[in-house]
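Here the structure comes first, spelled out in structure tokens, and everything after it is commentary.
Side-chain atoms are counted along with the backbone in the values below, which use heavy atoms only and exclude waters and symmetry mates. These figures come from a predicted structure and were not determined experimentally. So you know, we letter chains A, B, ... as the sequences are listed, proteins then strands, and number each from 1.
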Amino acid sequence: MYRTNTCGELRIENVGQTVTLAGWVQGVHNLGALTFVDLRDRYGITQLAFNEDATEELREKAGRLGREYVVQATGIVAERYSKNKKIATGDIEILVSELNILNASEVPPFTIEDESDGGDDIRMKYRYLDLRRNPVRRNLELRHKFAFEVRRYLDQQGFLEIETPILVNSTPEGARDFVVPSRMNPGQFYALPQSPQTLKQLSMVAGMDRYFQICKCFRDEDLRADRQPEFTQIDCEMSFVEQEDILQMFEGMSRHLFKTILNIDIPTLPRMTWADAMKYYGSDKPDTRFGMEFVELKTTAIDNASKEIVPSLFPAGFAVFDDAAYIGGICCEGQAVLTRKQIDQLTEFVKRPQVGAKGLVYARVQEDGSVKSSVDKFYNQETLQALKEKMNAKSGDLILILSGDDAMKVRKQLCELRLEMGTRMGLRDKFNFSCLWVIDFPMYEWSDEEQRLMAMHHPFTSPKPEDIPLLDTDPASVRANAYDMVINGVEVGGGSIRIHDAKLQQKIFEILGFTPEQAQLKFGFLMNAFKFGAPPHGGLAYGLDRFVSLFAGLDSIRDCIAFPKNNSGRDVMLDAPGYIDQKQLDELQISVVEQEKQ
RNA sequence: GGUGCGUUAGUUCAGUUGGUUAGAAUGCCAGCCUGUCACGCUGGAGGUCACGGGUCCGAGUCCCGUACGCACCGCCA
């Protein structure tokens with residue numbers, strides 16, 4: 001037996017017991033005749049003491065210990081002379097009578113402490129050392145608990161966890177696939193699933209009724225702080241349901257997770273249409289921890305967000321506004337105190353290429369109610385007062401205005417500005433959670449690159465029944481039975497009611513530009529299945545990594561993934577991906593055009 | 001595919017206008033220390049300034065390129 005207890009469990013009540021502990025040496029304090037060793041495992045730290053009672057041999061051995069040595073120590077639990085209130089076991093120590101060095105360790109390349117001195121790069125290279133640190137380990141523990149509570153809730157609701165294959169077919173639409181060559185089928189490739197979408201729909205056809213799976217999904221696209229090439233999805237599907245049933249079920253799951261993991265009671269989730277999200281927040285994933293909604297000051301066209309034309313608040317005179325197709329503003333409460341320099345910084349912010357605005361117009365509401373703006377020479381006080389009125393601004397507020405030719409582009413710029421102001425004003429507290437549903441997404445969005453309509457969610461999403469006639473006349477305005485769950489500006493999940501009618505599915509494929517032959521080739525298996533009694537069904541998938549990151553207050557999903565990939569999709573610990581032997585290539589009948597540095 | 005920032009001791013970083021032998025902290029090694037717990041004290045070792053090229057009397061510092069890292073845009077049904 002290697003140990004009788006863990007390093008986190010002994011307390012003052014255990015004094016007098018003889019115990020054996022095993023773990024890693026966190027640190028050694030050698031005071032000459034006295035030596036203290038902090039022994040660490042997943043559960044905590046317990047101090048080993050080598051004092052005047054210890055034999056010379058024992059003290060000599062303790063003196064040889066270095067950081068991260070793996071040791072086993074037996075001794076009597078004793079009360080400490082001076083307690084350490086910072087750790088749970090701080091009242092006791094082990095008076096060691098026997099010490100075994102189970103394994104020596106080289107000096108680790110960075111310190112394994114809560115506040116490590118290591119940068120991201122080196123910590124990823126030695127991720128197994130990084131995982132010994134409390135903050136990282138705690139993230140994995142939270143992730144475990146999260147997944148466990150997901151399973152508990154869905155099990156209670158009658159869901160079956162069903163595994164679907166990892167080796168599937170490449171699909172058109174969507175992200176790039178990771179492909180896997182098949183040795184037994186030369187020249188042919190499997191693809192790793194971007195999501196088990198079609199398979200879960202087939203499990204509905206199979207009568208499984210309620211399916212879920214916590215599974216890996218793969219997308220060969222560029223990475224971000226919130227995007228990994230392989231990520232974990234909580235994939236769910238239900239039969240004989242309408243949108244309302246799904247929203248209720250998964251709002252319930254989120255409520256369960258918030259309660260059991262964070263002990264937070266979340267209110268009923270507000271529902272916002274996609275059109276309103278775009279109109280008031282310029283984003284399909286609005287951060288609703290704070291208001292500062294957009295006010296439209298001029299629109300010249302009806303689009304998917306604006307259902308009416310707003311005549312310009314501003315009389316002619318300022319060319320930028322006169323020529324704009326859209327003018328929108330936000331009112332920043334109490335921000336009139338910003339200096340000219342600070343506002344110039346905001347102007348620089350919106351002019352950065354990532355945001356792309358041409359400039360920024362601002363107006364301060366003064367103590368006396370008058371308005372002082374950067375466009376005073378174009379507009380009189382009467383117009384500025386009308387602006388104040390329209391923006392619902394009061395003394396001390398700062399109005400920020402963006403304009404441009406393309407309403408959707410300006411909305412996105414204004415969204416960035418709003419989020420920046422929210423951050424500067426301290427309105428985006430990580431642990432203040434604001435959840436909502438965004439509903440009524442459009443079916444399609446125009447792709448400049450492909451020069452055709454693309455499915456906004458995926459091609460299996462059903463249109464709203466009342467919009468079906470528009471499929472023939474104005475497909476771009478058709479709304480889908482699709483919904484996203486958004487928390488603090490993060491899309492944590494999304495789904496839709498699916499098409500279960502082969503004819504309608506065929507029509508949707510046509511609108512997406514598939515010939516019947518192509519549709520049959522790529523999705524024949526699904527449409528064939530629909531011929532054999534497909535129930536109405538729908539579902540949703542959560543991004544587990546993102547959801548856990550939110551709960552843990554992390555900036556990057558990497559921090560809650562045990563062995564993540566870096567920015568270039570590499571695993572720097574494994575040094576993957578790597579080259580393979582010519583022999584393997586030959587067996588697969590694959591030739592690689594250029595293979596450098598092998 | 002693109003933009004920005006970065007790369008200096010094991011690690012995290014500083015390094016002024018281009019100017020003598022590149023510094024700090026921490027870690028590491030050695031010695032001392034009977035209650036430490038961020039132990040303390042003394043001493044020591046430790047550098048291809050990412051790589052390649054250029055400008056210059058002289059480059060860690062300026063310029064160009066490459067590689068790598070991070071963030072972002074495109075992309076991510």
Separation between CG of A:Asp440 and CD of A:Gln243, rounded to the nearest 0.5 Å: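 A:Asp440 atom CG to A:Gln243 atom CD measures 6.5 Å (nearest 0.5 Å).
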Would you indicate, yes or no, if [N] has its OP1 or OP2 atom less than 4.0 angstrom from a side-chain nitrogen or oxygen of [X]?
{"X": "A:Asn51", "N": "B:U34", "result": "no"}
{"X": "A:Ser568", "N": "B:G69", "result": "yes"}
{"X": "A:Lys125", "N": "B:G69", "result": "no"}
{"X": "A:His29", "N": "B:C37", "result": "no"}
{"X": "A:Arg67", "N": "B:C28", "result": "yes"}
{"X": "A:Arg224", "N": "B:C75", "result": "no"}
{"X": "A:Arg558", "N": "B:A71", "result": "yes"}
{"X": "A:Asn567", "N": "B:A71", "result": "yes"}

[atom1] of [X] versus [atom2] of [N]: gap in Å, rounded?
{"X": "A:Leu65", "N": "B:U36", "atom1": "CG", "atom2": "P", "value": "21 Å"}
{"X": "A:Glu113", "N": "B:U11", "atom1": "CD", "atom2": "P", "value": "16 Å"}
{"X": "A:Phe36", "N": "B:G35", "atom1": "CZ", "atom2": "P", "value": "8 Å"}

Quick check: any donor-acceptor pair below 3.5 Å linking the side-chain of [X] to the base of [N]?
{"X": "A:Arg352", "N": "B:C72", "answer": "no"}
{"X": "A:Arg219", "N": "B:C76", "answer": "no"}
{"X": "A:Gln354", "N": "B:G4", "answer": "no"}

Heavy atoms only, 4.0 Å cut-off, all strands: where does [X] land among base, sugar-phosphate and nothing?
{"X": "A:Phe110", "result": "nothing"}
{"X": "A:Ile122", "result": "sugar-phosphate"}
{"X": "A:Asn30", "result": "base"}
{"X": "A:Pro459", "result": "base"}
{"X": "A:Ala49", "result": "nothing"}

Does the structure show a Watson-Crick or G-U wobble partner for [N], both distances under 3.5 Å? Name it, or say none.
{"N": "B:C37", "value": "none"}
{"N": "B:C13", "value": "B:G23"}
{"N": "B:G69", "value": "B:C5"}
{"N": "B:A59", "value": "none"}
{"N": "B:U42", "value": "B:A30"}

Parallel, tilted or perpendicular: rings of A:Phe178 and A:Phe218 (30°, 60°):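 Correct class here is perpendicular.
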Minimum side-chain heavy-atom gap A:Asp303-A:Met278 below 4.5 Å: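 A:Asp303 vs A:Met278: side chains apart.
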